[in-house]
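Below, each value reflects all heavy atoms present in this structure, side chains not excepted, and no hydrogens, waters or symmetry copies.
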Amino acid sequence: MAAPEEPLRRRKVGSAGPGPGSPPGPGRDPAGCPARLGAGTFWLTRIVLLRALAFVYFVAFLVAFHQNKQLIGDRGLLPCRLYLRSVQQHFRGGAGWDAVSYAPTLLWLLDWSHMDSNLDAIALLGLGVSSFILVTGCANMVLMAALWVLYMSLVNVGQV
């Protein structure tokens, strides 16, 4: 059988501090830690999720760094320079809004004479940002959006 419950004690309004048997005050958890580290704040979930996503981006950019030249580089299987030129020709020349919206990539803004170095620069920049987030665990919307834009820049020029 369960033991009979003790009556709940109420804290007096005029008492100076909490007693040993009183419930914790607002903004503090039972262990005495600040509320930002307490239960229900999701701080651990945020750190784990950001680092896991940064790890996925790190692996993706590492693979892209090692395979871009052979797949979509100047002498690759499907060169992205030829793909971007064919997109330009399809939309009647220039890197207009139609062409950019069809194949959104940062490569529209870069010089196409050294496509291998452009692809490596995008991959290395993504590696740097993702490793910063992976090591520190700190990220904001700007860093996460930068990772997404960099990765989509590589994905959108890799043809099927």
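The structure places CG of L49 at 11.0 Å from CG of L44, a figure rounded to the nearest 0.5 Å. The CZ atom of F91 lies 10.0 Å from the OG atom of S86; values are rounded to the nearest 0.5 Å. From L127, atom CG reaches atom CG of L62 across 5.5 Å, with rounding to the nearest 0.5 Å. Taking CG from L71 and CG from L77, the interatomic distance works out to 6.0 Å, rounded to the nearest 0.5 Å.
Residue pairs meeting the salt bridge (Lys or Arg N to Asp or Glu O under 4.0 Å) criterion with at least one partner in residues 112-121, sequence neighbours excluded, are K69-D120. Residue pairs meeting the salt bridge (Lys or Arg N to Asp or Glu O under 4.0 Å) criterion with at least one partner in residues 47-68, sequence neighbours excluded, are absent. Annotation: ring pair (Phe, Tyr, Trp, His ring centres under 6.0 Å) contacts involving residues 64-87, sequence neighbours excluded, are absent. Listed by first then second residue, pairs satisfying salt bridge (Lys or Arg N to Asp or Glu O under 4.0 Å) with a partner in residues 79-90 read D74-R81, not counting sequence neighbours. The stretch residues 123-151 participates, sequence neighbours left out, in no salt bridge (Lys or Arg N to Asp or Glu O under 4.0 Å) pair at all.
Minimum heavy-atom separation, G128 to S131: O-OG, 2.9 Å. The two residues N68 and A123 come nearest to each other via the heavy atoms ND2-CB, 4.4 Å. The two residues A103 and W108 have their closest heavy-atom pair at O-NE1, 2.6 Å. Among all heavy-atom pairs drawn from P104 and S101, the shortest one is CD-O, 3.7 Å.
Shown here is Y57, whose OH atom has more than 12 heavy atoms of other residues, nucleotides or ligands within 6.0 Å.
A distance-only check finds a donor-acceptor pair linking the side chain of S153 to the backbone of L106 [under 3.5 Å]. Without hydrogens or angle criteria, W112 side chain to L84 main chain gives no donor-acceptor distance under 3.5 Å.
Under the 4.5 Å side-chain heavy-atom criterion for grouping Ile, Leu, Val, Met, Phe, Trp and Tyr, F58 is not connected to V63 through any hydrophobic cluster. Hydrophobic clustering of Ile, Leu, Val, Met, Phe, Trp and Tyr side chains at less than 4.5 Å, counting indirect connections, keeps V48 apart from F55. In the hydrophobic clustering of ILVMFWY residues, with side-chain heavy atoms under 4.5 Å counting as a link, L110 and L82 come out apart. L134 and L50 fall into different hydrophobic clusters, where Ile, Leu, Val, Met, Phe, Trp and Tyr side chains are chained together by heavy-atom contacts under 4.5 Å. The hydrophobic clustering, which links ILVMFWY residues whose side-chain heavy atoms are closer than 4.5 Å, places I72 and M152 together.
Side chains of I133 and V129 form a contact here, defined as non-hydrogen atoms less than 4.5 Å apart. Using a 4.5 Å cut-off on side-chain heavy atoms (C-beta onward), C80 and M115 make contact.
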For residues 138-150, run the donor-acceptor check on the side chains, cut-off 3.5 Å, and write out each pair with its distance to 0.1 Å, sequence neighbours left out.
from	atom 1	to	atom 2	distance (Å)
N140	OD1	V142	N	3.3
N140	OD1	L143	N	3.0

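H90 and Y102 have tilted rings, their planes meeting at an angle from 30° to 60° on a 0 to 90° scale.
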Inset, instruction - Begin from the C-alpha positions of L107 and I122 and carry the test side-chain contact (heavy atoms from CB on, under 4.5 Å) through to its verdict. - result: CA-CA 9 Å; L107 294 173; I122 290 174; 3.8 Å; yes

